[in-house]
Amino acid sequence: MPGRLLSEAHVRHGNTLPVTALQRSYGELNPPDRLLLGAGPSNVHPRVYKAFISPIVEHLDPYFSEVMEETAELLRCVFRTRNRITFPISGTGTAGMEAAICNVVEPGEEVIVGTNGFFGERMKDIIERCGGKPIPLTERWGNAIPKEAVQKALSSSKARTVALVHAETTTGALQPLSDIAKITRQYDALLLVDTVTSLSGCEIDIDALGIDVCFSASQKCLNCPPGMAPITANERAMEKIRNRKTRVHSLYFDLSVIEKYWIESNRVYHHTAPILLVYAMREALRIVQEEGLEARWQRHRCNMETLTEGLEALGLEINAKENPCPSINAVLVPTGISDARVKSTLNNEYGITVSVGLGALRGKVLRIGLMGMNSTQRNVLLVLKSLENALKKEGFTPKHN
Ligand SMILES: *Cc1c(COP(=O)(O)O)cnc(C)c1O
């Protein structure tokens, strides 16, 4: 009996796992049906699920090679880029962040980084771990980084990389990039952008803006399971990477090596791609292409506007009023109301998952995401009414009543 063998092994190694846990039988998985309107993951599109359970082939199979090529092409469309180096990193959004930073940043190098939210702070942390010297541009969590601050930092330092978050999922703010991209070019610096929560949901055009390195994730506006992080890097960035004085410390994230597996026709093994996730990503990108990027951006903008109006009609305040993001909204929790209890009511009574605040906004906001296929008028109305009921249950009186 496997349970018995396991428990003996655990006894031998002094592990205290209770024997009962090993001897009981485990039922089939039966996850609850949730509408995921938080900071991610979003719901997975039925067509993406279907692709995910297609038969697996080897990671070097000619069939998979074709799938990889098409996935890279579709990704270029969604990023709006002609960059050769465009593929999904095997890992979640944070892996994309690590990959982008550890390739571009060399030890001892100064890097300008916007720290106006949790993920900007995370980029700063990774820059430090790569031996870089971050120059943080601090702002209230909810504001964007002003272009003047970027210009000032570029002119008063040796930094030749600027790292910013396009859609700061923890504050609800969207970072304007067009002027900053121009300034960054003037100083011959690279612009590195996190589009984890924005890709396919918020307008962004990598080549037109002149963004040099950009990464995203599968589970936000693309409606894929978590586990892949699309990344793209242009020739300016690759030139800096190829001329590094030190090797990229990470073998797994070394773009110049992954390139030989993902992009070159004579594919050389680097790691076993998560084949089923790549199938899923390809299908998700096909769905984006069918809708059209502009239509998709417009849909996200429209639905977020309706949601914002509804939240304000309830008497609630939006955290990032000045630069609202079309895919995520951080709404302030009224004084005296517990964010955790509201979240739990929404989850338990309505099957709707929203997110609580992180870092500086912990306990202060609820985050409502309308990502990819979840951005619909129907979901807006559902979450507004459910939230109203959940708040009333906590003693809050909505304004419009
Ligand atoms: C979710 C998110 C990440 C991290 O992605 P994981 O998939 O959780 O590793 C990074 N940046 C932003 C802006 C995000 O919203």
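Whatever order the structure lists them in is the order used to number ligands and atoms, beginning at 1.
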Visitor: Does ligand 1 have an atom that lies less than 4.0 angstrom from a heavy atom of His166?
Guide: no
Visitor: Would you mind running through ligand 1 and noting each atom that sits below 4.0 Å from a heavy atom of Thr92?
Guide: 6 (P), 7 (O), 9 (O)
Visitor: Would you mind finding which of Asp194, Thr171, Ile328, Leu358 brings a heavy atom closest to atom 11 (N) of ligand 1?
Guide: Asp194
Visitor: Considering residues, nucleotides and ligands other than Arg129, do more than 12 of their heavy atoms fall under 6.0 Å from its CZ?
Guide: no
Visitor: Can you tell me if Gln289 and Arg286 form a side-chain donor-acceptor pair at under 3.5 Å?
Guide: no
Visitor: Write out the residue and atom name of the closest protein heavy atom to atom 1 (C) of ligand 1, then the distance separating them to 0.1 Å.
Guide: Lys220 NZ, 1.6 Å
Visitor: Identify the protein heavy atom lying closest to atom 10 (C) of ligand 1, giving its residue, its atom name and the separation to 0.1 Å.
Guide: Phe119 CD2, 3.3 Å
Visitor: Could you list the atoms of ligand 1 found under 4.0 angstrom from a heavy atom of Thr94?
Guide: 4 (C), 5 (O), 6 (P), 9 (O)
Visitor: Would you say ligand 1 has an N or O under 3.5 Å from any N or O of Gly93?
Guide: yes
Visitor: Which ligand 1 atoms does Ala167 reach within 4.0 Å, using its non-hydrogen atoms?
Guide: 13 (C)
Visitor: State the atoms of ligand 1, each with its element, that fall below the 4.0 Å cut-off from a heavy-atom position in Thr169.
Guide: 12 (C), 13 (C), 14 (C), 15 (O)
Visitor: By the definition side-chain contact (heavy atoms from CB on, under 4.5 Å), identify the one residue from Ile204, Ile211, Val165, Leu177 that meets it with Thr195.
Guide: Ile204
Visitor: Hey, is CZ on Arg247 packed in by over 12 heavy atoms from elsewhere, all under 6.0 Å?
Guide: no
Visitor: Is the number of heavy atoms from other residues, nucleotides or ligands within 6.0 Å of CZ (Arg140) greater than 12?
Guide: yes
Visitor: Tell me, please: is Ala229 in heavy-atom contact with ligand 1, that is, under 4.0 Å?
Guide: no
Visitor: With a cut-off of 6.0 Å (strictly less than), are more than 12 heavy atoms of other residues, nucleotides or ligands near CD of Glu239?
Guide: no
Visitor: For the residue pair Lys343 and Ser355, what are the closest heavy atoms and their distance?
Guide: NZ-CA, 4.3 Å
Visitor: Please say which of Glu109, Glu235, Glu106 ends up in a salt bridge (charged side-chain N to carboxylate O under 4.0 Å, His left out) with Lys240.
Guide: Glu109
Visitor: Please write down residue, atom name and distance for the protein heavy atom closest to atom 8 (O) of ligand 1.
Guide: Gln219 NE2, 4.0 Å
